[in-house]
There are 2 protein chains.
Amino acid sequence: MAGRQGVNPALERAGAMIRTISPNRASFGRCSACTVRSLSICGVLDQADLAEFERIARHIHLAPNEALFTAGQVAQSVHSLTAGIARLYKLLPDGRRQVIGFALPGDFLGTAPSDRYSFSADAIDSVTVCRLSREAFTHFIEERPHFLIRINEFAARELMLAQEQMLLLGRRTAEEKVASFLIGWRERLAQIGDERQTIALPMSRQDIADYLGLTIETVSRTLTRFEREKMLIIVAGGVRLLDASRAAAMAAA
Amino acid sequence: MAGRQGVNPALERAGAMIRTISPNRASFGRCSACTVRSLSICGVLDQADLAEFERIARHIHLAPNEALFTAGQVAQSVHSLTAGIARLYKLLPDGRRQVIGFALPGDFLGTAPSDRYSFSADAIDSVTVCRLSREAFTHFIEERPHFLIRINEFAARELMLAQEQMLLLGRRTAEEKVASFLIGWRERLAQIGDERQTIALPMSRQDIADYLGLTIETVSRTLTRFEREKMLIIVAGGVRLLDASRAAAMAAA
DNA sequence: CGGCCAGTTTGATCTGGATCAATCAGCGGA
DNA sequence: TCCGCTGATTGATCCAGATCAAACTGGCCG
């Protein structure tokens with residue numbers, strides 16, 4: 001619990017590595033063929049709406065660790081994630097980092113009360129997003145109340161997740177944090193259709209630690225202990241849950 | 001950082017004391033005379049809208065520690081706080097508590113993705129709210145897109161506060177937490193027009209501790225130290241900031 | 001195939017904040 | 001005025017998780 005937990009050289013290196021938004025290729029993947037449309041904010045748009053949405057959206061690809069946007073920048077765009085996983089985080093001036101969430105395909109990044117981004121987002125693996133100018137997006141919304149309702153539902157869901165995370169960060173033990181994370185992450189993967197036995201963990205241990213308010217060592221030790229206790233097996237790129245009910249019990253209490 | 005921090009007998013007593021919603025007096029305070037209307041979701045309603053809003057709203061008074069609603073209950077109502085201060089919190093099965101926010105006059109409690117309350121809310125001091133049935137509220141919204149935009153702005157603000165709080169809970173030291181809380185609370189009080197030199201703290205030390213992910217002893221000790229260091233003076237019902245810039249510096253870093 | 005390098009794991013030690021345990025202070029009621 | 005109760009403060013001690021410090025692992029490049 002010391003003051004500078006979360007500051008580490010690896011992170012600073014990573015930070016330096018992250019390029020600002022490059023002149024990405026804008027692809028012509030059509031919204032009507034979007035594989036996550038029903039999960040995304042676009043799930044309530046009809047063909048006509050979708051055509052108009054497509055007109056104002058750009059499809060962007062980002063390489064691993066490339067930034068979608070950075071806290072403090074003027075918020076010119078909103079994003080809807082269509083592939084890959086992004087990490088959303090805030091930094092303290094001395095480099096301590098809090099990951100406030102992981103964005104999955106279908107997630108919307110654009111609910112913000114200010115004209116500047118209040119957090120940073122970058123690609124964990126290879127990511128694709130639909131990027132819309134805030135202005136065009138605002139205009140698009142104004143004429144489509146049902147779409148606004150959808151946006152609102154997404155914001156409400158985000159808010160509930162954030163409140164759950166506050167409970168985790170403030171009142172759960174390290175063991176409970178890790179178990180909750182695994183159960184919650186599995187749940188979210190299942191919602192986007194990924195229901196393999198093995199829980200994929202594309203983010204680094206440092207990302208997990210910064211999400212749970214722990215150090216990388218504590219995350220690693222806790223996972224190792226779970227493995228020793230036969231609750232799971234650590235595999236390349238994830239974990240395989242052997243005793244899901246025990247994990248769920250830890251996560252609940 | 002032990003597992004059961006936040007569980008305490010005083011809380012259990014308080015919990016038992018909190019009555020379920022009593023047959024409160026519904027007053028006739030008219031919305032057009034509402035002192036916090038411009039701050040609240042109603043700030044964008046015109047006279048006609050307001051009359052309709054009034055028709056579907058009930059004005060409710062709650063005594064200190066009385067519950068507005070409880071996590072897990074079917075969410076029948078939404079609320080707009082018009083006077084007093086409420087604490088919003090989540091509990092773990094063993095009684096550990098996380099205060100996820102304090103609601104001030106003008107705040108809206110109703111952004112939720114589920115048909116059950118995901119957190120509990122109760123009055124800290126004497127509280128007045130406008131209570132609307134979810135159903136009527138949803139209907140009211142559907143016909144008023146500009147109002148929905150307002151609701152959305154409120155949700156976005158809530159979300160940003162929640163993200164800021166995640167950073168605090170996950171990565172700040174006890175000292176930084178307390179300083180951040182004081183600065184942030186003063187800010188919020190100022191926004192509703194309370195700009196006295198002394199920062200009013202109507203909530204208990206336990207509430208503050210549960211908001212910051214600390215114990216009551218740590219909050220108390222930290223405030224005492226701040227006083228010893230002449231950063232502030234502890235007074236009945238609040239603190240007087242002597243060195244706001246030092247507090248702000250602590251809160252920032 | 002070997003050497004590097006980034007990320008991860010493991011071990012030893014330390015410490016910030018929790019826990020346990022008394023006071024202390026303010027207030028309402030007799 | 002005194003008593004009892006509730007919440008706050010203060011002190012002593014403890015320990016979960018941080019910090020410091022090595023290994024270890026796997027992938028990539030020459």
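Note that these values count all heavy atoms, side chains included, but never hydrogens, waters or copies made by symmetry. Chain letters run A, B, ... following the sequence lines, proteins first, then strands; residues in each count from 1.
- Relative to the side chain of A:Thr173, the nucleotides D:dG17, C:dT9, D:dT9 differ in distance, and D:dG17 lies closest.
- Between A:Thr224 and C:dT9 there is no side-chain polar atom (N or O) within less than 4.0 angstrom of OP1 or OP2.
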Close N/O contacts between protein and nucleotides 22-28 of chain D (under 3.5 Å):
none

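- The end-to-end axis angle of the helix from C:dC1-D:dG30 to C:dA30-D:dT1, rounded to 10 degrees and based on five pairs per end, is 30°.
- A salt bridge links A:Glu176 with B:Arg96: at least one charged nitrogen is closer than 4.0 Å to a carboxylate oxygen.
- Aromatic pair A:Tyr211/A:Phe181: ring centres closer than 6.0 Å.
- A donor-acceptor contact shorter than 3.5 Å links the side chain of B:Ser120 to the backbone of B:Ala71.
- In this structure, A:Thr70 contributes its side chain and A:Gln73 its backbone to no donor-acceptor pair below 3.5 Å.
- Rounded to whole angstrom, the span from the CD1 atom of B:Ile208 across to the C1' atom of D:dT9 amounts to 14 Å.
- In this structure, CD of B:Glu227 is placed 13 Å from P of C:dA25, rounded to the nearest angstrom.
- Nucleotide D:dT6 holds its C1' atom 14 Å from the CZ atom of B:Arg205, rounded to whole Å.
- The minimum heavy-atom distance between A:Val219 and A:Ala209, with the atom names listed, is CG2-CA, 3.6 Å.
- Rounding to whole angstrom units, CD1 of residue A:Ile216 and P of D:dA21 are separated by 17 Å.
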Can you tabulate the close N/O pairs, meaning under 3.5 Å, that link protein atoms to atoms of nucleotides 11-14 of chain C?
unit_1, atom_1, unit_2, atom_2, d
C:dG11, N7, A:Arg221, NH1, 2.7
C:dG11, O6, A:Arg221, NH2, 3.1
C:dA12, N6, A:Arg221, NH2, 3.3

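- Distances shown here put every side-chain N or O of A:Thr215 at or beyond 4.0 Å from the OP1 or OP2 atom of D:dG17.
- Stacking of B:Arg97 on the aromatic ring of B:Tyr89 is recorded, both the 6.0 Å distance cut-off and the 45° axial limit being met.
- Between the C1' atom of C:dT15 and the CD atom of B:Glu175 lies a distance of 15 Å, rounded to the nearest Å.
- A salt bridge between A:Glu229 and A:Arg225 is present, with a side-chain N of the basic residue lying under 4.0 Å from a carboxylate O of the acidic one.
- Here B:Ser220 reaches the OP1 or OP2 of D:dT9: one of its side-chain N or O atoms lies under 4.0 Å away.
- When every heavy atom of B:Gln98 is checked against every heavy atom of A:Gly170, the shortest pair comes out as OE1-CA, 3.3 Å.
- Atom NZ of B:Lys177 and atom P of C:dG17 are 8 Å apart (whole Å).
- Between the P atom of C:dG17 and the CD atom of B:Glu176 lies a distance of 9 Å, rounded to the nearest Å.
- Of all non-hydrogen atoms in B:Arg205 and B:Ile234, the two that sit nearest each other are NH2-CG2, 3.8 Å.
- Across all their heavy atoms, A:Met166 and B:Leu169 have their closest contact at O-CD1, 3.6 Å.
- Between A:Lys90 and A:Ser118, the shortest heavy-atom distance links the atoms NZ-O, 2.9 Å.
- Rounded to an integer number of Å, the gap from CE of B:Met203 to P of D:dA8 is 11 Å.
- Contact between A:Ala247 and A:Leu241 at its shortest, heavy atoms only, is CB-CD2, 4.2 Å.
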